[in-house]
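Remarks on the structure that follows.
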Amino acid sequence: DVKVTQSSRYLVKRTGEKVFLECVQDMDHENMFWYRQDPGLGLRLIYFSYDVKMKEKGDIPEGYSVSREKKERFSLILESASTNQTSMYLCASSSSGGFENNEQFFGPGTRLTVL
Amino acid sequence: GENVEQHPSTLSVQEGDSAVIKCTYSDSASNYFPWYKQELGKGPQLIIDIRSNVGEKKDQRIAVTLNKTAKHFSLHITETQPEDSAVYFCAAPPRGYQKVTFGTGTKLQVIP
């Protein structure tokens, strides 16, 4: 089974802190994604990566950056956390070949609270 | 970009009844329409998908229908059970783009 793991289930940080959210997948998938999930807004794409060291902005990249140094690992970075970044963050991965045919496998999520 | 609208946002049904969730999309180039189920405390998981050359697809108690002319697709769950209680998301990735757009989600509650 594909497994996507996220470093923390719950995280509490203070405004202005630098925050790292880590995601690891074990199925050699080329594509990896970071979403945030908020009530009434569904899943919104922050960033995605289709190869090592490659990244593309999603729909809401402001305030975030990402890093993909190894194929299995995709990190989301909040350079200076703000209260409006309090949310559930979901990582996902999929195999290559275009998004139209590829199932995305999600991690369990990290609930981040910024005080 | 793609715009996906999902309705209703919440749905309560009695156990054994049917549930229907509808999504509309904007990009006529979209040709693959997955549905994901998110149980409490877990990430979403694909439960069924449909491609543009098919009008309907069934898998036991769940089915998805697609109307490309009207640009909408629906998830149908029959004989609902308490374990069907979850949040359901539709999605529509436009052809040629790597971004995928999810609907806003439907929280389904099946009342025993």
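Predicted model only: the values in this text are computed from it and were never measured. Below, chains carry the letters A, B, ... as their sequence lines are ordered, and counting in each starts from 1.
Residue B:E15 qualifies as enclosed at atom CD: its count of foreign heavy atoms under 6.0 Å is above 12. Counting non-hydrogen atoms of other residues, nucleotides and ligands closer than 6.0 Å to NZ of B:K22 gives a total of 12 or fewer. Surrounding CD of B:Q81 are more than 12 heavy atoms belonging to other residues, nucleotides or ligands, all under 6.0 Å away. Within 6.0 Å of atom NZ in B:K68, more than 12 heavy atoms from other residues, nucleotides or ligands are found, so the atom counts as buried in its surroundings. Enclosure of atom CD in B:Q60 is not indicated, since only 12 or fewer non-hydrogen atoms of other residues, nucleotides or ligands lie within 6.0 angstrom.
Taken from CG in A:L45 to OG1 in B:T101, the straight-line distance is 8.0 Å, to the nearest 0.5 Å. For the atom pair B:F89 CZ and A:Q37 CD, the distance stands at 4.5 Å (nearest 0.5 Å).
In this structure, A:M32 is a member of the same hydrophobic cluster as A:L78, with clusters built from ILVMFWY side-chain heavy atoms closer than 4.5 Å. Hydrophobic clustering, with ILVMFWY side chains joined whenever heavy atoms are under 4.5 angstrom apart, groups B:L11 together with B:I47. The hydrophobic cluster containing A:V24 does not contain A:W34, counting ILVMFWY residues as joined when their side-chain heavy atoms lie under 4.5 angstrom apart, directly or transitively. Residues A:F48 and A:L21 do not share a hydrophobic cluster, defined by chaining ILVMFWY side chains whose heavy atoms lie under 4.5 Å apart. Hydrophobic clustering (ILVMFWY, side-chain heavy atoms < 4.5 Å, transitive): B:V87 and B:V20 are in distinct clusters.
Comparing B:G41, B:S9, B:A91 by how many heavy-atom pairs each has under 4.5 Å with chain A, the most go to B:G41.
Below 4.5 Å, heavy atoms of chain B meet no heavy atom from residues 81-89 of chain A. Using a 4.5 Å cut-off between non-hydrogen atoms, the part of residues 108-115 of chain A that approaches chain B consists of A:P108.
In this structure, the portion of A:R9 lying under 4.5 Å from any heavy atom of chain B is its side chain and not its backbone. In this structure, chain A has heavy atoms under 4.5 Å from both the backbone and the side chain of B:P44.
Between B:Q38 and A:L90, some side-chain heavy-atom pair lies under the 4.5 Å cut-off.
Pairs passing the disulfide bond (SG atoms under 2.5 Å apart) check and including a residue from residues 24-75 of chain B, sequence neighbours excluded, do not occur.
Every residue two or more places apart in sequence or in another chain that forms a ring-ring contact (aromatic ring centres under 6.0 Å, His included) with B:Y36 is listed here: A:F106, B:F102.
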